[in-house]
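For reference, the structure is listed below as structure tokens.
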Amino acid sequence: VKAPALAQLAPVLEAGCDRLADLIARTETRLEEVARSHGDVLGRFAGETLGAGGKRLRPMLVYICAGDEDSEMLVRAGAAVELLHMATLVHDDVLDGAALRRGRPTVFAEGGREAATAVGDFLFSRAFAELASTGSAEAVRILSSASTALARGELMQREDAWSTEVTVERYLERCELKTARLFEAACRLGAEHLGPFGNRIGVAFQIFDDVLDVSGPPERTGKPRGADLVDGTVTLPLILARERDPDLAALDLSSTVDRRPSTEEICDRIAATGALDDARDRALAFVAEAKELLSELELGERQRRTLELVADGVVERYA
Ligand code: IPE
Ligand code: IPE
Ligand code: MG
Ligand code: MG
């Protein structure tokens, strides 16, 4: 999982030159320090989680948006965003009952609910401590508002579990809360005026994640195919497919697995309706909107090119 993730962001790193590579390397060092800072058990779980090969896309956004800056404060901001991201994933895996992430067992699978809750809490608290250490109250406000949105998004997802009533609008609102606000915050920490750009690519990113959940393959995503179907998360591919395939619409997905078609079969049926292509198109429309926003801003040439590569990358990504 690690190699393709890096290969996929290689054009971004290349466009960002030594400065970006150096900032990411400093972020890794900082994340290791933070993981080790509070005892062995937290250190082991947090260290494994942080070291499991995430793409570091959100810190990259902080750095690219910040232009030429390369201060220690900036690294703290990038590390804080990644810590918050990891905290939400560790808790998300508890909520989703997920066994795999990044191709490895989740903290939930390995240590159980209690350990995963504590590790997530630890990562949350460290995220804010990291930002507080920069002395910027505004930075703390930006990240806490994203964190609040995330919590609302996760709750909304639980509320909508198994529902056949979820509209595209409601789905997009959830993407906004659960994913786009953190992308927006990452960009704003780099440069306030790039927030809306981050928001659009965040929505695109979540839509594409939901497409990958149905399309797989697991070797590409590091997660089992159809995980969202199994935990009741109603995503855009399913919403669109139900509009087209009445049998699929009539299927009670919450009934026990042996009383309905297999998850693989349901994924294939969703794909057969063309819903994956249409969902991908919706994601691409958000990418286009993001790039449109860039064209209206005054940016350095390298910065513009790098942000465009990130925008294109979010719908071609390897999880
Ligand atoms: C996964 O995010 C969670 C979503 C918002 C879909 P990433 O795909 O950025 O996770 P890592 O950090 O690279 O594993
Ligand atoms: C992203 O949603 C999780 C958060 C934004 C907290 P998903 O539930 O789709 O993410 P994965 O698929 O588990 O990575
Ligand atoms: Mg999940
Ligand atoms: Mg997902």
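Whatever order the structure lists them in is the order used to number ligands and atoms, beginning at 1.
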Is E130 salt-bridged to R30, cutoff N-O under 4.0 Å?
yes

Is there a heavy atom of R56 sitting under 4.0 angstrom from any atom of ligand 1?
no

Touching ligand 2 at all, H91? Heavy atoms, strictly under 4.0 Å?
no

Number the atoms of ligand 2 from 1 as they appear, then name those within less than 4.0 Å of a heavy atom of K223, with their elements.
11 (P), 12 (O), 14 (O)

For ligand 1, find out whether one of its N or O atoms is nearer than 3.5 Å to an N or O atom of D209.
no

Would Q157 count as being in polar contact with ligand 2, using the rule that some N or O on each side must be under 3.5 angstrom apart?
no

Applying the side-chain hydrogen bond (donor to acceptor under 3.5 Å, both in side chains) test to R225, which of T263, D268, D213 qualifies?
D268

For H85, the atoms of ligand 1 under 4.0 Å from one of its heavy atoms are 2 (O), 7 (P), 9 (O), 10 (O), 11 (P), 12 (O)

Is there at least one pair of N or O atoms, one from D96 and one from ligand 2, spaced under 3.5 Å apart?
yes

Taking atom CZ of R158 as the centre, does the number of heavy atoms from other residues, nucleotides or ligands within less than 6.0 Å exceed 12?
yes

Looking at D92, which atoms of ligand 2 are within less than 4.0 Å of one of its heavy atoms?
3 (C), 7 (P), 8 (O), 10 (O), 13 (O)

Given the rule that I, L, V, M, F, W and Y join up when any side-chain heavy atoms are under 4.5 Å apart, are L89 and L100 in one cluster?
no

Sub-3.5 Å N/O-N/O distance, D93 and ligand 2
no

Within ligand 1, which atoms have a heavy atom of R102 less than 4.0 Å away?
11 (P), 12 (O), 14 (O)

Does CG belonging to D68 count more than 12 external heavy atoms closer than 6.0 Å?
no

Sub-4.0 Å atoms of ligand 2 with respect to non-hydrogen atoms of K178:
1 (C), 2 (O), 4 (C), 5 (C), 7 (P), 8 (O), 9 (O)

Could you tell me the separation between the CG atom of D228 and the CG atom of L238, rounded to the nearest 0.5 Å?
9.5 Å

Under 3.5 Å side-chain donor-acceptor pair for S71 and E69
yes

Where ligand 2 meets L150 - atom numbers and elements under 4.0 angstrom, heavy-atom basis:
5 (C), 6 (C)

L89, portion touching ligand 1 at heavy-atom distance under 4.0 Å:
side chain

Mark yes when over 12 heavy atoms from residues, nucleotides or ligands other than E296 sit less than 6.0 Å from its CD; otherwise mark no.
yes

Under 4.0 Å, heavy atoms only, figure out whether ligand 2 is touched by the backbone of D213, its side chain, both or neither.
neither

Taking 4.0 angstrom as the limit, do D278 and R282 come out as a salt bridge?
no

Check whether any heavy atom of Q206 sits under 4.0 Å from an atom of ligand 2.
yes

Are T134 and R76 linked by a side-chain donor-acceptor pair shorter than 3.5 Å?
no

For G54, atoms of ligand 1 separated by under 4.0 Å from a heavy atom
11 (P), 12 (O), 13 (O), 14 (O)

Any atoms of ligand 1 less than 4.0 Å from a non-hydrogen atom of T179? List them with their elements.
5 (C)

Any N/O of K55 closer than 3.5 Å to an N/O of ligand 1?
yes

Determine which of the N, O or S atoms in D209 is closest to the Mg ion (ligand 4) and give its atom name.
OD2

T88 N/O under 3.5 Å from ligand 2 N/O:
no

Over 12 foreign heavy atoms within 6.0 Å of CD, E72:
yes

Any N/O/S atom of D213 sitting less than 2.8 Å from the Mg ion (ligand 4), backbone or side chain?
no

Tell me whether L57 reaches ligand 1 (any heavy atom closer than 4.0 angstrom to a ligand atom).
no

Note: M86, heavy atoms under 4.0 Å from ligand 1, region reported as neither

Checking Y171 against D210: is there a side-chain donor and acceptor pair closer than 3.5 Å?
yes

Decide, yes or no, whether a salt bridge links D22 with R19 under the criterion of side-chain N to carboxylate O below 4.0 Å.
no

Is it true that R200 and E289 have a side-chain N and a carboxylate O under 4.0 angstrom from each other?
yes

